[in-house]
Amino acid sequence: MPDDKEQLIKAMKRICDQKNADLILTTGGTGLAPRDCMPEATQAVGQRNVPGISEAMRNFSMQITKRSMLSRGVSVIRHQTLIINLPGSPKAVEESLTYIIDQLPHAIGLIQDRQNEAYKH
């Protein structure tokens, strides 16, 4: 999708509100350029923030490149869908996703109030 805040908001709301996905991963639009609006669109959709996911990705990425400090990506929950902003570069997407992917089933289980997930720590 283009870097259009209103289109992004509309698309994410539709997916979450119609319960079409447990997880939305966005790529790009998290930088400092004037057109980068993904964090703002994601925050407009979110009902609850999950800052630890984005903080963990940035922390991990800082070991690879200092440029990761320029990422403004966020993570939020809307209804029972987890939304995570990933960086725009394919290499950074792979690195970030590889770092967090093993925690996502647990996170989604908790969001969806699956009783067995609450005890898997």
To the nearest 0.5 Å, what is the distance between CE on Met38 and OG on Ser71? 12.0 Å

For Ser96, check side chain to side chain donor-acceptor pair (under 3.5 Å) against everything at least two apart and list the hits. none

Residue pairs meeting ring pair (Phe, Tyr, Trp, His ring centres under 6.0 Å), one or both in residues 21-48, sequence neighbours left out, come to none

How would you list all residue pairs meeting ring pair (Phe, Tyr, Trp, His ring centres under 6.0 Å) that involve residues 13-45, not counting sequence neighbours? none

If you round to the nearest 0.5 Å, how far is CD1 of Ile100 from CE of Met57? 5.0 Å

Approximate separation, where rounding is to 0.5 Å, of Lys10 NZ and Leu8 CG: 12.0 Å

Using the test side chain to side chain donor-acceptor pair (under 3.5 Å), find all partners of Lys19 that sit at least two apart in sequence or belong to another chain. none

Glu94 CD: over 12 foreign heavy atoms closer than 6.0 Å: no

Contacts of Asn20 meeting side chain to side chain donor-acceptor pair (under 3.5 Å) (sequence neighbours excluded), chain-then-number -> Gln18

Residues Glu95, Lys91: salt bridge by 4.0 Å N-O rule: yes

According to the side chain to side chain donor-acceptor pair (under 3.5 Å) rule, which pairs have a member within residues 45-67, sequence neighbours left out? Ser54-Ser75

Which heavy atom of Ile9 sits nearest a heavy atom of Ala44, and at what distance? CD1-CB, 3.6 Å

Any residue meeting salt bridge (Lys or Arg N to Asp or Glu O under 4.0 Å) with Asp17, in chain and number order, not counting sequence neighbours: Arg78

Heavy atoms, side chains only, cut-off 4.5 Å: are Thr30 and Asp36 in contact? no

Residue pair Ile15 / Ala21: nearest heavy atoms and the distance that separates them: CG2-CB, 3.7 Å

To the nearest 0.5 Å, atom CG of Leu104 lies from atom CG of Leu97 at 7.0 Å

So how far is it from Gln43 CD to Lys5 NZ, rounded to the nearest 0.5 Å? 9.0 Å

Does Thr81 reach the side chain of Leu23, with side-chain heavy atoms less than 4.5 Å apart? no

Sequence neighbours excluded - ring pair (Phe, Tyr, Trp, His ring centres under 6.0 Å) pairs with any residue from residues 9-45: none

Among residues at least two apart in sequence or on other chains, which ones pass side chain to side chain donor-acceptor pair (under 3.5 Å) with Glu40? Arg72

Under the salt bridge (Lys or Arg N to Asp or Glu O under 4.0 Å) test, which residues partner Asp3, sequence neighbours left out? Arg35

When you compare the side chain of Val50 with that of Ile83, does any pair of heavy atoms fall below 4.5 Å? no

Write out all pairs satisfying ring pair (Phe, Tyr, Trp, His ring centres under 6.0 Å) with one or both partners inside residues 59-85, taking only residues at least two apart or from two chains. Phe60-Tyr99

Rounded to the nearest 0.5 Å, what separates atom CD1 in Ile53 from atom CD in Gln103? 9.0 Å

When hydrophobic residues are tied together by side-chain contacts of less than 4.5 Å, even through go-betweens, does Met62 share a cluster with Leu32? yes

Establish whether Val45 and Ile24 are linked, either directly or via other cluster members, by ILVMFWY side-chain heavy-atom contacts under 4.5 Å. yes

Side chain to side chain contact (heavy atoms under 4.5 Å, CB included) filter on Ile111, not counting sequence neighbours, yields Ile77, Gln80, Leu82

Would you mind reporting whether Pro39 and Asn85 have side-chain heavy atoms less than 4.5 Å apart? yes

Using the rule that Ile, Leu, Val, Met, Phe, Trp and Tyr join whenever any side-chain heavy atoms are under 4.5 Å apart, tell me whether Ile64 and Leu86 fall into a single cluster. yes

Is there a path of hydrophobic side-chain contacts, each under 4.5 Å between heavy atoms of I/L/V/M/F/W/Y residues, joining Ile101 to Ile108? yes

